[in-house]
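The structure follows.
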Amino acid sequence: MNYCALRTCDVANGPGMRVTLFVSGCTNHCPGCFQPETWDFDYGQPFTAETQAHILDLLAPEYISGLTLLGGDPFEPSNQRALLPLLQAVKAQYPRKTVWAFTGFLLDEELQHDGSHPRCEVTDEMLTYIDILVDGRFIEAQKDVRLKFKGSANQRTIDVPKTLAQGKVVLAEI
């Protein structure tokens, strides 16, 4: 991830007040995507050490519930490699804040499947820093504005720590 956009006070992409990082780059290109400009791996501002430090500062207030990653797609391999140090720092500095991530890739069929496009050498570690993963490509025909924190009915809201502990997908109770 070389580029990104940042929303400092977000209530739409996870519970409570959140800091949201829109990463650049997505190969899924879902028809009807609400952020198609983020498909471009060069969209937004450069992601730098200063950006990471700013995000950590933004997370400091007690009223901030956590960090949300979306985009683009945080699980494009280049994005995973860039996000891992940020997630390590967030969990070290703010262990009680939650990390949410949105991806078009399916956890059990792609992210955890050897040889798939999104899986890389940091995928497993990156997943250990995520509390909730909303997975599945956006499908315009299944769009439902009544859904909580997802755009189409096929998408799943996954409790990642429970999923990793049990070895099977465990849906989050939101």
Side-chain angles (χ1 to χ4, degrees), residues 1 4-36 38-39 55 59 63-77 79-80 83-84 86-88 90-91 94-113 116-120 122-174:
M1 171 186 60
C4 66
L6 190 61
R7 186 175 296 160
T8 58
C9 291
D10 185 4
V11 295
N13 295 300
M17 186 73 66
R18 307 185 70 75
V19 174
T20 301
L21 178 64
F22 291 84
V23 302
S24 297
C26 182
T27 57
N28 288 317
H29 297 188
C30 301
C33 173
F34 84 108
Q35 291 281 97
T38 65
W39 297 349
I55 291 169
L59 288 167
Y63 64 86
I64 298 294
S65 299
L67 174 68
T68 297
L69 306 171
L70 43 83
D73 199 305
F75 281 92
E76 288 291 344
N79 290 341
Q80 291 182 59
L83 287 169
L84 183 59
L86 170 64
L87 294 177
Q88 292 167 331
V90 167
K91 285 298 187 172
Y94 305 109
R96 292 194 178 108
K97 299 208 184 233
T98 59
V99 175
W100 279 52
F102 289 75
T103 181
F105 301 111
L106 294 173
L107 174 64
D108 46 346
E109 294 179 24
E110 293 170 290
L111 297 178
Q112 295 179 313
H113 188 270
S116 70
H117 162 70
R119 185 163 174 78
C120 69
V122 301
T123 303
D124 290 339
E125 184 177 357
M126 184 166 157
L127 287 168
T128 67
Y129 295 106
I130 295 172
D131 299 290
I132 300 292
L133 180 71
V134 179
D135 80 342
R137 288 160 181 81
F138 173 75
I139 298 175
E140 199 163 16
Q142 294 185 36
K143 180 179 179 177
D144 185 344
V145 296
R146 297 169 296 177
L147 296 170
K148 198 170 188 178
F149 306 124
K150 50 190 175 181
S152 58
N154 64 296
Q155 294 173 315
R156 305 178 297 181
T157 306
I158 298 170
D159 182 316
V160 178
K162 287 183 181 177
T163 294
L164 296 177
Q166 294 182 25
K168 64 179 184 173
V169 172
V170 177
L171 298 181
E173 296 179 22
I174 304 294

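In this text, all values refer to a predicted model and were calculated from it rather than measured experimentally.
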Cut-off 3.5 Å, no hydrogens considered: what does the side-chain donor-acceptor table look like for residues 165-174, sequence neighbours left out?
none

Next on the checklist: Among residues at least two apart in sequence or on other chains, which ones pass salt bridge (Lys or Arg N to Asp or Glu O under 4.0 Å) with R146?
Outcome noted: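 D144.
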Checklist entry - Out of curiosity, Q35 CD to S24 OG, how far, rounded to the nearest 0.5 Å? => result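 Nearest 0.5 Å value for the CD-OG distance: 10.0 Å.
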Next on the checklist: Would the distance check show the side chain of Q155 and the main-chain N or O of G136 forming a donor-acceptor pair, the cut-off being under 3.5 Å?
Outcome noted: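 A pair under 3.5 Å: yes.
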Checklist entry - Sequence neighbours excluded, which residues qualify as side-chain hydrogen bond (donor to acceptor under 3.5 Å, both in side chains) partners of S152? => result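 For S152 the side-chain hydrogen bond (donor to acceptor under 3.5 Å, both in side chains) partners, ignoring immediate neighbours, are N154.
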Item to check | L67 vs L87 side-chain heavy atoms within contact, under 4.5 Å | outcome: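 When only atoms from C-beta onward are counted, L87 and L67 do touch, with a gap below 4.5 Å.
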Next on the checklist: Nearest 0.5 Å, please: how far is CZ in R119 from CG in D124?
Outcome noted: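 If I round to the nearest 0.5 Å, the distance is 4.0 Å.
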Checklist entry - Can you name the residues that form a side-chain hydrogen bond (donor to acceptor under 3.5 Å, both in side chains) with T98, not counting sequence neighbours? => result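 Expected list: R18.
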Item to check | Residue list, salt bridge (Lys or Arg N to Asp or Glu O under 4.0 Å) with D73, at least two apart or on another chain | outcome: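 Testing D73 for salt bridge (Lys or Arg N to Asp or Glu O under 4.0 Å), a comparison that skips the adjacent residues, returns none.
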Checklist entry - With sequence neighbours left out, what residues match F34 under side-chain contact (heavy atoms from CB on, under 4.5 Å)? => result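 Testing F34 for side-chain contact (heavy atoms from CB on, under 4.5 Å), a comparison that skips the adjacent residues, returns F22.
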Checklist entry - What pairs with H117 under ring-ring contact (aromatic ring centres under 6.0 Å, His included), at least two apart in sequence or on another chain? => result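 ring-ring contact (aromatic ring centres under 6.0 Å, His included) check on H117 returns F105.
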Checklist entry - Partners of E110 by side-chain hydrogen bond (donor to acceptor under 3.5 Å, both in side chains), sequence neighbours excluded? => result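 If we apply the side-chain hydrogen bond (donor to acceptor under 3.5 Å, both in side chains) test to E110, skipping adjacent residues, the hits are R137.
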Checklist entry - Within the distance-only criterion (no hydrogens, no angle test), does the side chain of D135 pair as donor or acceptor with the backbone N or O of L107 below 3.5 angstrom? => result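 Between the backbone of L107 and the side chain of D135 there is a qualifying donor-acceptor contact (under 3.5 Å).
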Checklist entry - If you look at every heavy atom in F75 and A101, which pair is closest and at what distance? => result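 The pair with the smallest heavy-atom distance is CE1-CB, 4.2 Å.
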Next on the checklist: When you compare the side chain of F149 with that of T157, does any pair of heavy atoms fall below 4.5 Å?
Outcome noted: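 No, too far: nothing below the 4.5 Å cut-off.
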Checklist entry - When you look at L86 and L21, which way does the side-chain contact (heavy atoms from CB on, under 4.5 Å) test go after all the steps? => result CA-CA 11 Å; L86 170 64; L21 178 64; 3.9 Å; yes
Next on the checklist: Main chain of G72, side chain of T38: is a donor-acceptor contact present, judged purely on distance under 3.5 Å?
Outcome noted: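 Such a contact is found between T38 side chain and G72 backbone.
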Checklist entry - What's the spacing between D159 CG and L164 CG if we round to 0.5 Å? => result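 The distance works out to 9.0 Å.
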Checklist entry - Of all heavy-atom pairs between P77 and P118, which one has the smallest distance, and what is that distance? => result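 Heavy-atom minimum between the residues: CG-O, 3.8 Å.
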Checklist entry - What pairs with T123 under side-chain hydrogen bond (donor to acceptor under 3.5 Å, both in side chains), at least two apart in sequence or on another chain? => result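 T123 satisfies side-chain hydrogen bond (donor to acceptor under 3.5 Å, both in side chains) with Q80 only.
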Checklist entry - Hey, does D108 have a side-chain heavy atom less than 4.5 Å from the side chain of R156? => result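 In short, these two side chains touch, coming nearer than 4.5 Å.
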N/O donor to acceptor pairs below 3.5 angstrom from side-chain atoms of residues 125-134, sequence neighbours left out:
| unit_1 | atom_1 | unit_2 | atom_2 | d |
| --- | --- | --- | --- | --- |
| E125 | OE2 | Q88 | NE2 | 2.8 |
| E125 | OE2 | Y129 | OH | 3.3 |
| T128 | OG1 | E125 | O | 2.5 |
| D131 | OD1 | K91 | NZ | 3.4 |
| D131 | OD2 | K91 | NZ | 2.8 |
| D131 | OD2 | V99 | N | 2.7 |

Checklist entry - In Å, rounded to the nearest 0.5 Å, how long is the span from CG of L69 to OG1 of T103? => result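 Spacing of CG (L69) from OG1 (T103) equals 10.5 Å.
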